[in-house]
Amino acid sequence: MPYTIPAETKIGHVHLKVADLERALSFYRDLLGFEEIQRYGKDAAFISAGGYHHHIGLNTWYSKDAPRAPKHSPGLYHTAILYPSRKDLATVLQRLIDAKYPLTGFSDHGVSEAIYLDDPDGNGVELYWDKPKDKWPFDAEGKLQMVSDPLNLDDLLLEINKD
């Protein structure tokens with residue numbers, strides 16, 4: 001009999017190998033706004049949103065001062081960070097624009113809106129929010145139809161000033 005993972009299962013956290021812990025913290029903590037929960041010696045830090053023990057672990061255990069991993073090699077494509085609302089996604093987009101941080105892409109997936117960038121070590125990062133499920137695109141047979149359409153950034157940024 002095939003096994004199906006329980007529906008309540010969640011991805012708990014991700015550990016990223018980084019070359020420079022302070023540089024990584026500058027990005028994840030200072031720019032994206034994660035809270036630093038704990039340092040694990042001088043080679044690792046745990047960060048989170050909302051007081052969770054850690055959503056992201058950053059460590060230099062095998063990667064201190066190492067060059068970026070080659071783009072065209074196996075590994076993690078990106079870490080996806082889910083924001084609670086469209087306004088929250090707009091706010092972090094404005095922070096990135098103000099910091100002149102390089103962005104690599106933007107997409108409306110029908111089910112979500114996403115901003116793509118690389119962290120200072122070249123690890124892919126997706127920042128997104130999920131649209132309400134009743135707005136998701138389904139075909140006539142009820143099958144989900146995700147897309148990769150352009151994201152209207154001007155419209156997204158208008159969320160910042162909405163009440």
Side-chain angles (χ1 to χ4, degrees), residues 4-18 21-40 44-59 75-163:
T4 301
I5 194 166
E8 299 81 17
T9 303
K10 308 251 188 280
I11 303 287
H13 61 269
V14 62
H15 279 255
L16 298 175
K17 296 187 295 183
V18 300
L21 184 59
E22 292 305 319
R23 183 180 67 190
L25 284 168
S26 178
F27 173 76
Y28 287 99
R29 180 193 59 208
D30 303 339
L31 184 57
L32 295 186
F34 282 93
E35 179 184 1
E36 185 176 331
I37 299 300
Q38 180 182 354
R39 289 283 178 122
Y40 191 78
F46 301 104
I47 60 175
S48 80
Y52 186 66
H53 56 77
H54 71 292
H55 287 107
I56 300 175
L58 304 167
N59 72 69
L76 183 68
Y77 185 72
H78 67 234
T79 300
I81 300 169
L82 175 61
Y83 284 80
S85 72
R86 191 169 197 254
K87 184 174 185 172
D88 293 315
L89 183 64
T91 299
V92 75
L93 173 60
Q94 188 62 63
R95 287 182 55 79
L96 292 163
I97 291 169
D98 292 347
K100 297 180 174 44
Y101 198 88
L103 304 172
T104 60
F106 315 91
S107 191
D108 181 337
H109 293 298
V111 298
S112 64
E113 293 178 322
I115 301 163
Y116 297 94
L117 59 155
D118 290 336
D119 77 4
D121 289 289
N123 296 308
V125 177
E126 175 185 359
L127 310 175
Y128 74 106
W129 84 285
D130 276 338
K131 296 178 180 183
K133 197 167 186 177
D134 64 345
K135 304 287 187 207
W136 291 5
F138 291 93
D139 67 14
E141 296 166 0
K143 293 184 180 176
L144 187 61
Q145 299 296 303
M146 290 178 54
V147 296
S148 287
D149 290 337
L151 178 60
N152 184 330
L153 297 181
D154 292 331
D155 184 64
L156 177 59
L157 290 169
L158 290 174
E159 291 290 322
I160 294 171
N161 296 318
K162 289 183 179 178
D163 290 324

Would you give the length of the straight line joining atom [atom1] of [X] to atom [atom2] of [Y], rounded to the nearest 0.5 angstrom?
X: Leu89; Y: Glu113; atom1: CG; atom2: CD; result: 7.0 Å
X: Leu76; Y: His15; atom1: CG; atom2: NE2; result: 13.0 Å
X: Asp130; Y: Lys135; atom1: CG; atom2: NZ; result: 14.5 Å
X: Ser112; Y: Leu151; atom1: OG; atom2: CG; result: 9.5 Å
X: His55; Y: Ile81; atom1: NE2; atom2: CD1; result: 10.0 Å

Item to complete: Show your reasoning for whether side chain to side chain donor-acceptor pair (under 3.5 Å) applies to Asp88 and Ser85.
Response: CA-CA 5 Å; Asp88 293 315; Ser85 72; 2.7 Å; yes
Side-chain contact, heavy-atom cut-off 4.5 Å: [X] with [Y]?
X: Ser148; Y: His109; value: yes
X: Asn123; Y: His78; value: no
X: Leu96; Y: Leu32; value: yes
X: Ile115; Y: Val125; value: no
X: Asp139; Y: Gln145; value: yes
X: Val92; Y: Gln94; value: no
X: Leu82; Y: Leu127; value: no
X: Asp118; Y: Phe27; value: no

Worksheet item: Would Thr91 and Ile160 satisfy side chain to side chain contact (heavy atoms under 4.5 Å, CB included), going step by step from the backbone distance to the final call?
Response: CA-CA 6 Å; Thr91 299; Ile160 294 171; 4.2 Å; yes
Worksheet item: Is Arg23 salt-bridged to Asp119, cutoff N-O under 4.0 Å?
Response: no
Worksheet item: Would Lys131 and Asp108 pass as an ion pair if we require N to O under 4.0 Å?
Response: yes
Worksheet, complete the sentence: Hits for salt bridge (charged side-chain N to carboxylate O under 4.0 Å, His left out) against Glu36, two or more places apart or cross-chain, chain-then-number order -> Arg29, Arg39
Fill in: Parallel, tilted or perpendicular: rings of Tyr40 and Phe46 (30°, 60°)
perpendicular
Give the minimum heavy-atom separation between [X] and [Y], together with the two atoms involved.
X: Glu126; Y: Ala114; answer: OE2-CB, 3.3 Å
X: Asn59; Y: Ala44; answer: CB-CB, 3.9 Å
X: Ala24; Y: Leu58; answer: CB-CD1, 4.1 Å
X: Glu159; Y: Arg86; answer: OE2-NH1, 2.9 Å
X: Leu31; Y: Ala99; answer: CD1-CB, 3.8 Å
X: Tyr116; Y: Phe106; answer: CD1-N, 4.1 Å

Discussion item. Using the rule given for side chain to side chain contact (heavy atoms under 4.5 Å, CB included), can you reason through Asp121 versus Leu16, listing the C-alpha separation, both sets of side-chain angles and the distance that settles it, and then say yes or no?
Written reply: CA-CA 9 Å; Asp121 289 289; Leu16 298 175; over 6 Å; no
Worksheet item: Restricting to pairs with a member in residues 121-163, which pass ring pair (Phe, Tyr, Trp, His ring centres under 6.0 Å), not counting sequence neighbours?
Response: none
Item to complete: Apply side chain to side chain contact (heavy atoms under 4.5 Å, CB included) to Ile47 and Leu25, showing your working.
Response: CA-CA 9 Å; Ile47 60 175; Leu25 284 168; 3.8 Å; yes
Worksheet entry | Partner of Tyr28 by side chain to side chain contact (heavy atoms under 4.5 Å, CB included), out of Val18, Thr79, Ile56 | Ile56
Practice prompt. In sequence, state the C-alpha distance, the side-chain angles, and the governing distance for His53 and His13, and then conclude on side chain to side chain donor-acceptor pair (under 3.5 Å).
Written response: CA-CA 10 Å; His53 56 77; His13 61 269; 5.3 Å; no
